[in-house]
Visitor: 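Pasting a structure here, questions to come.
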Amino acid sequence: EFDYRAIAGLTDLPSSVYNFNVLKRERQSVVVGHLAPDVTGHVLVVGLVTDCLSFVLPLRSRDLAQQIPIVFLSPKLPEEDQLTTMKWFEAVYVIKGDVDKARVAGLERTRTVIVLGTNETSSKSEQGGTTNCR
């Protein structure tokens, strides 16, 4: 069974937003090599994400009539604890890669594309910095 306390350490969202749907069992993995052709109308998030859960939780609210698929296309995989928690959410996928892999992430079938910029405060040695999805 999903442990809601696990999220408290992964995100600084207030507990009042912990009104979301989770699966009865966690999935094997959210990391995929390509998006299945039957996934359409999804949100595609392109760029380096440091806090996926802050983005996912509001889109998995019990108050929403429809669960829109979410696809993260990122040059680096999220931290293992975030990946483990995301296994409990329906239709959330992570593809490792950059914008060149947008086709395998179903670019032509998306509802919305969000392109993340880099952190403007990062130094030149950190080019391609990270972006928080809040």
Visitor: Hey, is the main chain of Leu57 close enough, under 3.5 Å, to the side chain of Ser61 for a donor-acceptor pair?
Guide: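 Checked: no pair found.
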
Visitor: When the side chains of residues 34-45 are checked against the rest of the protein, which donor-acceptor pairs come out under 3.5 Å, sequence neighbours left out?
Guide:
residue : atom : partner : partner atom : Å
His42   : NE2  : Ala105  : O            : 3.0
His42   : NE2  : Gly106  : O            : 3.4

Visitor: In Å and rounded to the nearest 0.5 Å, what is the CD to CZ distance from Gln67 to Arg62?
Guide: 10.5 Å

Visitor: In sequence, state the C-alpha distance, the side-chain angles, and the governing distance for Leu59 and Ile68, and then conclude on side-chain contact (heavy atoms from CB on, under 4.5 Å).
Guide: CA-CA 7 Å; Leu59 293 176; Ile68 299 168; 5.7 Å; no

Visitor: Show the numbers, then the answer: is there a side-chain contact (heavy atoms from CB on, under 4.5 Å) between Phe72 and Val92?
Guide: CA-CA 8 Å; Phe72 292 98; Val92 176; 4.2 Å; yes

Visitor: Answer whether the closest heavy-atom distance between the side chains of Val71 and Tyr93 falls below 4.5 Å.
Guide: yes

Visitor: Is it possible for you to say whether Leu73 and Val115 belong to one hydrophobic cluster, with membership spreading through side-chain heavy-atom contacts below 4.5 Å?
Guide: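 They do share one cluster, since a chain of ILVMFWY contacts under 4.5 Å joins Leu73 to Val115.
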
Visitor: For residues 94-101, tabulate all N or O donor-acceptor pairs below 3.5 Å that involve a side-chain atom, not counting sequence neighbours.
Guide:
residue : atom : partner : partner atom : Å
Asp98   : OD1  : Asp100  : N            : 3.1
Lys101  : NZ   : Lys96   : O            : 3.4

Visitor: Begin with the C-alpha distance, continue with both residues' side-chain angles, and end with the deciding distance and a verdict on side-chain contact (heavy atoms from CB on, under 4.5 Å) for Phe55 and Ile114.
Guide: CA-CA 11 Å; Phe55 188 84; Ile114 300 169; 3.6 Å; yes

Visitor: Mind running side-chain contact (heavy atoms from CB on, under 4.5 Å) on Val46 and Leu116 for me, showing each step along the way?
Guide: CA-CA 6 Å; Val46 181; Leu116 303 175; over 6 Å; no

Visitor: In terms of hydrophobic clustering (I, L, V, M, F, W, Y; side-chain heavy atoms under 4.5 Å; direct or indirect links), are Val32 and Val30 co-clustered?
Guide: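 No, separate clusters.
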
Visitor: For residues Met86 and Cys52, report the shortest heavy-atom separation together with the two atoms involved.
Guide: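 That would be SD-CB, 3.7 Å.
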
Visitor: Go through the structure and list residues passing side chain to side chain contact (heavy atoms under 4.5 Å, CB included) with Glu108, not counting sequence neighbours.
Guide: Arg103

Visitor: Which heavy-atom pair separates Ser74 from Lys76 by the least distance, and what is that distance?
Guide: OG-O, 2.7 Å

Visitor: Applying the 4.5 Å side-chain criterion to the ILVMFWY set and letting contacts propagate, would Val104 and Ile70 be lumped into a single cluster?
Guide: no

